[in-house]
Number of protein chains: 2
Amino acid sequence: MKRDSRLSGVLHVLLHMAEQDGPVTSEVLAKAMDTNPVVVRRVMAGLREQGLVRSEKGHGGGWTIARPLDGITLRDIYDALGGPSLLAMGHRTEAPGCLVEQAVNAALGRAFHDAEGLLLARFGEVTLAMLSADFHARMTARPLGRKEIDHG
Amino acid sequence: MKRDSRLSGVLHVLLHMAEQDGPVTSEVLAKAMDTNPVVVRRVMAGLREQGLVRSEKGHGGGWTIARPLDGITLRDIYDALGGPSLLAMGHRTEAPGCLVEQAVNAALGRAFHDAEGLLLARFGEVTLAMLSADFHARMTARPLGRKEIDHG
DNA sequence: GATCATGTACTATTTGAAGTTACATGAAGC
DNA sequence: GCTTCATGTAACTTCAAATAGTACATGATC
């Protein structure tokens, strides 16, 4: 099962943006994430629709965070990505006629549902400000050169 | 993201086996799961190695459950499948040098770890006997013809 | 109007499960 | 002992979903 790393990636990008004053271009962000600018724009498009970030064209354009960091939770970002599936496992048949399969689905479904709920609740508790604070704490503990901050 | 349905599938098969007296062939199980006999054998091979099921060749051969139903938990079966990944999301980089990414991984990692723990704990609490009992309760509530029991 | 940056449609690549084919191994029945 | 039935397993193909990448349009600034 291939794991979706968009949430991880977009958080990386947002924290890098938070360290910059002005707008940051897709190209710079792509370089920091070791990917393609189009991939960045595609992911960021969802965040823009939810009002989490802004984009501007032309000279001096790029991406900026639209709200205070403590006003954005991981849940907001997850939702802006379209709420991708959290679990790697699922039912073989979604609405089976077979009673055996219904019993299986019921048992697994409860576990799956609760695990998803746990994850979403956690996401809702964590803000970008907390992540940023954690980052700065790590910076203080082990300062790095500028290059390693821009990308590691 | 494509979801892994092997756990769901193998549970379906095991409960069908539990309803039969003698051994059941891969071909019959495959028909019930609407798949290929080789796929069944592949999945069952893992369970056999863990001593959950037995297989016999030749006339009258096939698969049988090797332990009492209340002695097999979903966790046992999950492990026998090789412990496939439970979550559809993961870190972009597993051991990043970038402090930003370290902060991101730390926050997400805690949530992921706890969600996986919850799922595994649930799996450990549920036995095949419980699923079988649930199935029979559904049977009583809405009896079906033989054909619909063999497969739905 | 030249340049820079986003917006997006379209295509290619990748990845892992699932499905399939083919054949070897071994057990029961005659 | 030979036929039949069933598993064991390797190798290959198919399939679906996501990411990556290309090409070009749109719009803003200099």
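Lettering of chains follows the sequences in order, A, B, ..., and the numbering in each one begins at 1.
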Inset, instruction - Say whether, by atom type as modelled, one donor and one acceptor occur between the side chain of Thr127(A) and the main chain of Met130(A) under 3.5 angstrom. - result: yes
Inset, instruction - Return yes if a side-chain donor-acceptor contact under 3.5 Å exists between Thr25(B) and Trp63(B), otherwise no. - result: no
Legend entry - Value in whole Å for how far the P atom of dA17(C) lies from CE of Met33(B): 15 Å
Legend entry - Backbone of Thr73(B) reached by a side-chain donor or acceptor of Asp76(B) within 3.5 Å: yes
Inset, instruction - Would you kindly give the NZ-to-C1' distance between Lys31(A) and dA5(C), to the nearest whole Å? - result: 14 Å
Legend entry - Whether Tyr78(A) side chain and Gly124(A) backbone form a donor-acceptor pair below 3.5 Å: no
Legend entry - Nearest listed nucleotide, side chain of Lys57(B), among dC30(D), dG7(C), dT25(C): dT25(C)
Inset, instruction - Check every atom of dT3(C), dT19(D), dT21(C) against the side chain of Val38(B) and return the nucleotide holding the closest atom. - result: dT21(C)
Inset, instruction - Figure out the CE/P separation between Met89(A) and dA17(C), and round it to whole Å. - result: 10 Å
Legend entry - Given DNA chain C, 5'-ward residue of the pair Gly58(B) and Pro84(B), judged by closest heavy atom: Pro84(B)
Legend entry - Sugar-phosphate only, base, or nothing, as touched by Ser5(A) at under 4.0 Å among non-hydrogen atoms: nothing
Inset, instruction - Indicate whether OP1 or OP2 belonging to dT7(D) is found under 4.0 Å from a side-chain N or O atom of Ser26(B). - result: yes
Legend entry - Position toward the 5' end of DNA chain D (nearest nucleotide), Thr35(A) or Glu56(A): Thr35(A)
Legend entry - Listed nucleotide nearest any side-chain atom of Trp63(A), set dT29(D), dA20(D), dG7(C): dG7(C)
Inset, instruction - Would you kindly give the CG-to-C1' distance between Asn36(A) and dT13(C), to the nearest whole Å? - result: 13 Å
Inset, instruction - Take atom CG of Leu81(B) and atom C1' of dA18(C), then tell me their distance rounded to the nearest Å. - result: 14 Å
Legend entry - Residue pair Glu116(B), Leu87(B): steps toward the side chain to side chain contact (heavy atoms under 4.5 Å, CB included) verdict: CA-CA 7 Å; Glu116(B) 284 187 331; Leu87(B) 300 181; 3.7 Å; yes
Legend entry - Rounded distance in Å - CG (Leu7(A)) to P (dA18(D)): 15 Å
Inset, instruction - Scan Arg42(A) against the nucleic acid and name what it touches under 4.0 Å (heavy atoms): base, sugar-phosphate only, or nothing. - result: base
Legend entry - Gly60(A) or Gly60(B), whichever maps to the more 5' nucleotide of DNA chain D: Gly60(B)
Inset, instruction - Could you tell me whether the side chains of His136(B) and Glu19(B) share a donor-acceptor contact shorter than 3.5 Å? - result: yes
Inset, instruction - Name the nucleic acid region contacted by Arg54(A), choosing base, sugar-phosphate or nothing; use a 4.0 angstrom heavy-atom cut-off, strictly under. - result: nothing
Inset, instruction - Name the closest nucleotide to the Arg48(B) side chain, picking from dG7(C), dA22(C), dG8(D). - result: dG8(D)
Inset, instruction - Return the value, rounded to whole Å, for the distance between atom CD of Glu27(B) and atom P of dG8(D). - result: 15 Å
Inset, instruction - Nearest whole angstrom, please: distance from the C1' of dT7(D) to the CE of Met17(B). - result: 13 Å
Inset, instruction - Taking only the side-chain heavy atoms of His59(A) (C-beta and beyond), determine which of dC30(D), dA18(C), dT6(C) contains the nearest atom. - result: dC30(D)
Inset, instruction - Give a yes/no answer on whether the side chain of Arg41(B) brings an N or O atom under 4.0 Å of OP1 or OP2 in dT7(D). - result: yes
Legend entry - Phosphate-side-chain proximity, Ser55(A) and dG7(C), N/O vs OP1/OP2 below 4.0 Å: yes
